[in-house]
A.B. asks: 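Take a look at the following structure, please.
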Amino acid sequence: MVSRREFLQAAAAAGAILAGSGLGPLGRVAAQQRLTEESLLAFPSFGNATILHLTDVHAQLKPVYFREPSINLGVGEARGVPPHLTDAEFRSWYKIAAGSADAYALTSEDFVGLAKGYGRMGGMDRIATLVRSIRASRGGDATLLLDGGDTWQGSWTALKTRAADMAEIMTALGVEAMVGHWEFTLGEERVKEIADALPFPFLAQNIRDNEWQEKVFEPRKTFVKGGARIAVIGQAFPRTPIANPRWMIPKWEFGIREEEMQRQVDEARAEGADCVVVLSHNGFDVDRKMASRVKGIDIVLTAHTHDALPDVLKVGNTILVASGSHGKFISRIDIDAGGGRLKGFRHRLIPVFSDAIRPDPEMAALVAKWRGPYEADLGRVLGQTESLLYRRGNFNGTFDDLIAGAMLKERDAEIALTPGFRWGATLLPGDPITFEALANATAMTYPNCYRQQMTGEQLKTILEDVADNIFHPDPYFQGGGDMVRVGGMGYRIDVARPMGERISEMTHLASGKPIDAARSYVVAGWASVGQGVEGPPIWEVVAGHVAREKTIRLEPNASVKVVAG
């Protein structure tokens, strides 16, 4: 396979600069010298068309730090295989050198040290430079840019403009089709308003009106690129009404709809498609199962679980492509297609090292336009962190610990529950905690921080339900999220146990006593899917806490004991 070698070659030279877990004497300057825009774009064109995939940007317009998970457990057939490998195991699988650019982009190993050398990643102006360079070299009529969703949510500007910023920016980037998930938390009316105004289709074969069972969005679209007919089928996140508030999308039904997916593939083939692409927001493990059951799919562009893989994963004759999140990567897939079939392909995951890429001036100006009215608030410094603040991972991250700790103090609670969201940028030790950094981890349309009584039995039920959503052995019953984060409470989880038996040893940390199933505890939380939840928005709770503490210093969290089976 050419793709893995080509990806690794681009960063191999840069990796030699960094020895082990420490920066060499040339540090950042040397890293930037080796990581050039030209090296990142280096890729011998193949076939007659190019597909570009960008996903899970979460409205991040500027370059960010984003630490990949140190824990990403798979169950059943997914145990111990990509994407459920991290750090040394991930590097071993893909033959990535410790301390290299690849190691920084794709793992959590020595993240702080490597971040100081390689800098931030992403940024829409840098992504625009890469996209336009590829289009120029390949030809616009041979290049297809697809957006995998989770694009309109995750920043203060997206929240305040109700995604108008992202709609204009992705239009300017030249996106040609998209799907959705967090987009739906804007509500049915707003989603339709934006989707109907876009110059490209919002695809979703699996969404129906619940009164007449009519398709809400166009299910697929065929593009002619380089003479190849490429059919793109949209797959929205199938569990949206479960993972997010049902009351925001009361007239729409979701689901995987495997039989309808097969019908869409068959119809595309009958219409003469040379390549069938599923633009999916299912999550990687769901897509892996779907690819094994739906025949005739050539490429699945997967999303939702934020996985970034430097090589494709093959399921029969179908390839799965995982392009990461937060603008850190773009996937390029060159295809040789014609005569009703995909004859060959080459793939590369392109890391978007922002210091090595020239900002596209037009996109930079557009970003500045949308950020301008909010810059003063975004730049407001609340405090400083002495700890690495990150979120991504199956269990508590330090940013989650900060949020949970703020709720415990500011809401006078015994236990705090904070959702296992994967979106939110990373802060390095010594970084200021700005309002923008906080908003990147909390900006959403149902942010109210509640305070209520819950029994120990109810708390266990919540933990068991979320655990089954993540670790159910059948991917079609997984939601692809991460475990609810807890503050003020510890527990033990055995991920291989069946539903209702995974959680044990629940402990109230302040008293050291076991959680009493019959006793009521004061619990604070946020992002409840219930309608009419009262309480201040979570960013106000955390902002007040950080402003009072001034310096955030977090001890390692050992309250969750994990048994991987």
Side-chain angles (χ1 to χ4, degrees), residues 1-15 35-47 50-57 63-64 66-69 72 81-87 90-97 100-108 114 118 120-123 126-127 129-131 133-134 138 143-148 277 279-280 284 287-288 299-314 318-335 345-354 356-357 392:
M1 177 67 65
V2 178
S3 58
R4 182 187 301 176
R5 183 174 72 251
E6 288 175 343
F7 174 80
L8 299 175
Q9 282 175 345
L35 280 174
T36 65
E37 187 176 309
E38 291 73 19
S39 71
L40 295 175
L41 285 166
F43 186 85
S45 292
F46 172 82
T50 293
I51 300 170
L52 299 178
H53 182 231
L54 178 69
T55 191
D56 293 284
V57 174
V64 298
F66 185 79
R67 175 190 181 272
E68 298 297 329
N72 184 357
V81 296
H84 302 288
L85 299 171
T86 59
D87 297 342
F90 187 98
R91 289 193 298 99
S92 176
W93 186 281
Y94 290 107
K95 298 179 173 58
I96 295 173
S100 65
D102 302 26
Y104 167 58
L106 292 162
T107 78
S108 69
L114 297 181
Y118 288 113
R120 291 177 172 84
M121 299 187 71
R126 273 71 165 189
I127 291 169
T129 294
L130 296 180
V131 169
S133 294
I134 293 169
R138 188 61 162 163
T143 305
L144 177 63
L145 175 60
L146 301 174
D147 173 8
V277 175
L279 182 61
S280 172
F284 196 95
D287 280 327
R288 177 165 26 205
I299 302 169
V300 178
L301 302 175
T302 188
H304 177 60
T305 39
H306 291 196
D307 307 298
L309 299 182
D311 202 356
V312 303
L313 189 147
K314 293 199 74 174
T318 303
I319 64 169
L320 272 63
V321 176
S323 306
S325 68
H326 291 75
K328 286 181 66 175
F329 304 95
I330 301 172
S331 284
R332 173 175 177 172
I333 311 100
D334 280 16
I335 62 172
F345 73 93
R346 290 181 182 174
H347 161 268
R348 179 163 179 216
L349 182 69
I350 304 173
V352 185
F353 288 100
S354 59
I357 302 169
R392 180 73 173 96

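What you are looking at is a predicted structure, and each value in this text was computed from that prediction instead of being measured.
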A.B. asks: Using modelled atom types and a 3.5 Å cut-off, is there a donor and acceptor pairing between side-chain atoms of Lys328 and backbone atoms of Phe66?
C.D. replies: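 Yes; judged by distance alone, with no hydrogens or angles, the pair exists.
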A.B. asks: With side chains defined as the heavy atoms from C-beta onward, is the minimum distance between Pro83 and Arg288 less than 4.5 Å?
C.D. replies: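 Side-chain contact under 4.5 Å: yes.
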A.B. asks: Which value, rounded to the nearest 0.5 Å, describes the distance between Asp56 atom CG and His306 atom NE2?
C.D. replies: 3.5 Å
A.B. asks: Mind checking the CD1-CD1 spacing from Ile51 to Ile299? Nearest 0.5 Å is all I need.
C.D. replies: 4.0 Å
A.B. asks: Within a strict 4.5 Å, meaning less than it, do heavy atoms of the Glu68 and Thr107 side chains meet?
C.D. replies: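 Sidechains of Thr107 and Glu68: no contact.
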A.B. asks: For Asp102 and Ser100, which I'm curious about, is there any donor-acceptor pair between the side chains at under 3.5 Å?
C.D. replies: no
A.B. asks: Quick one: list whatever passes side-chain contact (heavy atoms from CB on, under 4.5 Å) with Thr129, sequence neighbours left out.
C.D. replies: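 So Thr129 forms a side-chain contact (heavy atoms from CB on, under 4.5 Å) with Glu37, Ser133, Ile357, Arg358, Asp360.
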A.B. asks: Do you know which two heavy atoms are closest between Phe46 and Asp334, and how far apart they sit?
C.D. replies: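 Of all heavy-atom pairs spanning Phe46 and Asp334, the closest is N-OD2, 3.0 Å.
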A.B. asks: Any side-chain heavy atom of Pro82 sitting closer than 4.5 Å to one from Tyr94?
C.D. replies: yes
A.B. asks: So, taking the atom named CZ in Phe284 and the one named NE2 in His84, what distance separates them when rounded to the nearest 0.5 Å?
C.D. replies: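 Between Phe284 CZ and His84 NE2, I get 8.0 Å after rounding to 0.5 Å.
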A.B. asks: Any sub-3.5 Å donor-acceptor pair from Ser331's side-chain atoms to His53's backbone N or O?
C.D. replies: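 Flag not set: sc Ser331 to bb His53 has no pair under 3.5 Å.
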A.B. asks: Check Ala308 against Leu106 and note the closest heavy-atom contact, atom names and distance.
C.D. replies: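 Scanning both residues, the minimum pair turns out to be O-CD2, 3.6 Å.
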A.B. asks: Which heavy atom in Leu35 sits nearest to a heavy atom in Ala356, and how many Å separate them?
C.D. replies: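 Residues Leu35 and Ala356, closest heavy atoms: O-CB, 2.6 Å.
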A.B. asks: Identify the heavy atoms of Ser323 and Thr55 that sit nearest to each other, and give their distance.
C.D. replies: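 For Ser323 and Thr55, the tightest heavy-atom pair comes out as CB-CG2, 4.2 Å.
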A.B. asks: Will you find, in the side chains of Thr50 and Arg346, an N or O donor that is under 3.5 Å from an N or O acceptor?
C.D. replies: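 Result is no, nothing qualifies.
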A.B. asks: Where is the tightest heavy-atom contact between Pro63 and Gly122, given as atom of each residue plus distance?
C.D. replies: CG-O, 3.5 Å
A.B. asks: Side chains of Leu146 and Leu144: closer than 4.5 Å at any heavy-atom pair?
C.D. replies: yes
A.B. asks: Output, in order, the C-alpha distance, side-chain angles, deciding distance and verdict of side-chain contact (heavy atoms from CB on, under 4.5 Å) for Leu320 and Leu309.
C.D. replies: CA-CA 10 Å; Leu320 272 63; Leu309 299 182; over 6 Å; no
A.B. asks: Give the ring-plane orientation class for Tyr118 versus Tyr104, where under 30° counts as parallel, over 60° as perpendicular and anything between as tilted.
C.D. replies: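 Ring orientation, 0 to 90° scale: parallel.
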A.B. asks: Under 3.5 Å, is there a donor on one side chain and an acceptor on the other for Asp287 and Thr302?
C.D. replies: yes
A.B. asks: Is the shortest side-chain heavy-atom distance between His347 and Ile319 below 4.5 Å?
C.D. replies: no
A.B. asks: Does the Arg348 side chain pair with the main chain of Arg332, one donor and one acceptor, at a distance under 3.5 Å?
C.D. replies: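 Pair absent, no side-chain N/O of Arg348 close to backbone of Arg332.
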A.B. asks: Quick one: CG on Leu349 to CG on Asp311, what's the gap to the nearest 0.5 Å?
C.D. replies: 10.0 Å
A.B. asks: Looking at every heavy atom in both Gly324 and Phe329, which two are closest together, and how far apart are they?
C.D. replies: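 Taking every non-hydrogen atom into account, CA-CD1, 4.1 Å.
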A.B. asks: Any side-chain donor paired with an acceptor under 3.5 Å for Asp87 and Ser108?
C.D. replies: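 Note: Asp87 and Ser108 side chains meet the donor-acceptor criterion.
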A.B. asks: Regarding Thr86 and Asn72, do their side chains bring together a donor and an acceptor under 3.5 Å, going by distance alone?
C.D. replies: no
A.B. asks: Does some side-chain heavy atom of Leu279 sit less than 4.5 Å from a side-chain heavy atom of Leu301?
C.D. replies: yes
